[in-house]
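I have placed the structure first, in the form of structure tokens, so that the comments after it can refer back to it.
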Amino acid sequence: MECKHAWGIATPCYEDALGIREAVFIDEQGIDPEIELDGADEDKMHYVGYVDDRPVTTARIDMLAGNRVKIQRVATVKVARHQGYAGALIKQIIADAQRSEVRGVELDAQETAINFYKELGFEPVGTTFQEAGITHQTMRYGA
């Protein structure tokens, strides 16, 4: 899998990320488009994983205070799930963050993905909460 990333919304990488997010979050999970398309994409980094030049997995990165990053909007198209692509993308994001001397990596995992993130080295922090009608858990890498 080839990983690409780009800042903002004026890139082919973002268009590919958006296509994956719309297919997974809006079409499959039924999340309201106004929630998923929150207007915050312009100042974020968008990662996309490609297999045979096809976009299959994505994540959005938000820079937080204290030189930390938050991984958001992790999604993989249905036909490419359970093949390790999202895990490889997350590992690439962590490696890039560590090279940039980022002090921490965190995310808000959907309840069904908590064990997936634990396998990648994330640990739950705090209590679960609801977002878009879905239970989530904040998790930190190497917490």
Side-chain angles (χ1 to χ4, degrees), residues 1-9 11 13-52 54-143:
M1 181 179 78
E2 178 185 12
C3 292
K4 296 180 183 179
H5 60 279
W7 282 103
I9 60 174
T11 67
C13 191
Y14 171 72
E15 292 299 323
D16 290 339
L18 188 59
I20 294 169
R21 288 170 45 192
E22 288 174 341
V24 173
F25 296 126
I26 296 170
D27 298 342
E28 287 181 42
Q29 295 184 354
I31 293 174
D32 184 332
E34 289 186 21
I35 294 172
E36 174 53 34
L37 308 175
D38 60 2
D41 286 334
E42 192 167 324
D43 65 346
K44 307 286 190 282
M45 174 77 73
H46 303 277
Y47 274 77
V48 178
Y50 296 86
V51 174
D52 298 327
R54 288 187 343 244
V56 297
T57 190
T58 189
R60 179 174 87 174
I61 309 304
D62 190 10
M63 291 302 298
L64 303 175
N67 198 27
R68 298 173 301 125
V69 297
K70 186 168 191 174
I71 301 172
Q72 304 171 323
R73 305 301 203 264
V74 178
T76 302
V77 295
K78 197 172 202 172
V79 298
R81 290 186 193 142
H82 307 292
Q83 297 180 46
Y85 300 133
L89 188 74
I90 298 295
K91 288 176 185 176
Q92 181 65 56
I93 292 167
I94 292 168
D96 290 350
Q98 290 172 334
R99 276 192 297 279
S100 299
E101 299 180 15
V102 165
R103 292 190 179 143
V105 179
E106 63 185 65
L107 53 80
D108 294 332
Q110 289 187 3
E111 187 174 43
T112 57
I114 291 172
N115 286 334
F116 166 75
Y117 290 114
K118 282 182 177 179
E119 290 174 9
L120 293 171
F122 287 83
E123 292 297 326
V125 177
T127 59
T128 60
F129 61 94
Q130 294 290 309
E131 184 178 325
I134 299 170
T135 302
H136 284 72
Q137 172 71 57
T138 297
M139 302 183 81
R140 290 195 183 120
Y141 182 73

Using distance alone, with no hydrogens and no angle criterion, decide if [X] and [Y] have a side-chain donor and acceptor under 3.5 Å apart.
X      : Y      : answer
Glu119 : Asn115 : no
Thr138 : Glu106 : no
Gln29  : Gln110 : yes

Please round to the nearest 0.5 Å and tell me the distance separating atom [atom1] of [X] and atom [atom2] of [Y].
X      : Y      : atom1 : atom2 : answer
Thr127 : Phe129 : OG1   : CZ    : 9.0 Å
Asp96  : Tyr47  : CG    : OH    : 3.5 Å
Cys3   : Gln92  : SG    : CD    : 5.0 Å
Lys70  : Arg140 : NZ    : CZ    : 9.5 Å
Met45  : Ile61  : CE    : CD1   : 8.0 Å
Thr58  : Gln72  : OG1   : CD    : 11.5 Å

Return the minimal non-hydrogen interatomic distance between [X] and [Y], and the atom names on each side.
X     : Y      : value
Tyr14 : Gly8   : CB-O, 3.5 Å
Cys13 : Val48  : O-CG2, 3.4 Å
Leu89 : Ala59  : CD2-N, 3.7 Å
Asp32 : Glu34  : OD1-N, 2.8 Å
Gly87 : Phe116 : N-CZ, 3.6 Å
Met1  : Gly49  : SD-CA, 3.7 Å

Could you tell me whether [X] and [Y] make a salt bridge, using a distance below 4.0 angstrom between a side-chain N and a carboxylate O?
X      : Y      : result
Asp16  : Arg54  : no
Glu15  : Arg21  : no
Lys118 : Glu123 : no
Arg73  : Asp62  : no
Asp41  : Lys44  : no
Asp43  : Arg60  : no

> Would a distance-only check, ignoring hydrogens and angles, find a side-chain to backbone donor-acceptor pair under 3.5 Å from Glu101 to Ala97?
Replying inline: no
>> Donor-acceptor check, side chain of Thr128 to backbone of Gln137, threshold 3.5 angstrom: yes or no?
In response: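 Side chain of Thr128 to backbone of Gln137, a donor-acceptor pair under 3.5 Å: no, none is there.
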Heavy atoms, side chains only, cut-off 4.5 Å: are [X] and [Y] in contact?
X      : Y      : value
His5   : His46  : no
His82  : Thr76  : no
Leu18  : Leu37  : yes
Phe122 : Ile71  : yes
Tyr141 : Gln98  : yes
Tyr117 : Leu107 : yes

>> Quick one, Ile20 with Val56, criterion side-chain contact (heavy atoms from CB on, under 4.5 Å). Give me CA distance, side-chain angles, the key distance, then yes/no.
In response: CA-CA 7 Å; Ile20 294 169; Val56 297; 5.7 Å; no
> Honestly, is Lys4 close enough over Tyr50, meaning NZ or CZ under 6.0 Å from the six-membered ring centre and within 45° of the axis?
Replying inline: yes
>> A quick test of your reading: do over 12 heavy atoms of other residues, nucleotides or ligands sit less than 6.0 Å from CD of Gln130?
In response: yes
>> Tell me whether the count of non-hydrogen atoms from other residues, nucleotides or ligands lying under 6.0 Å of CZ in Arg103 goes above 12.
In response: no
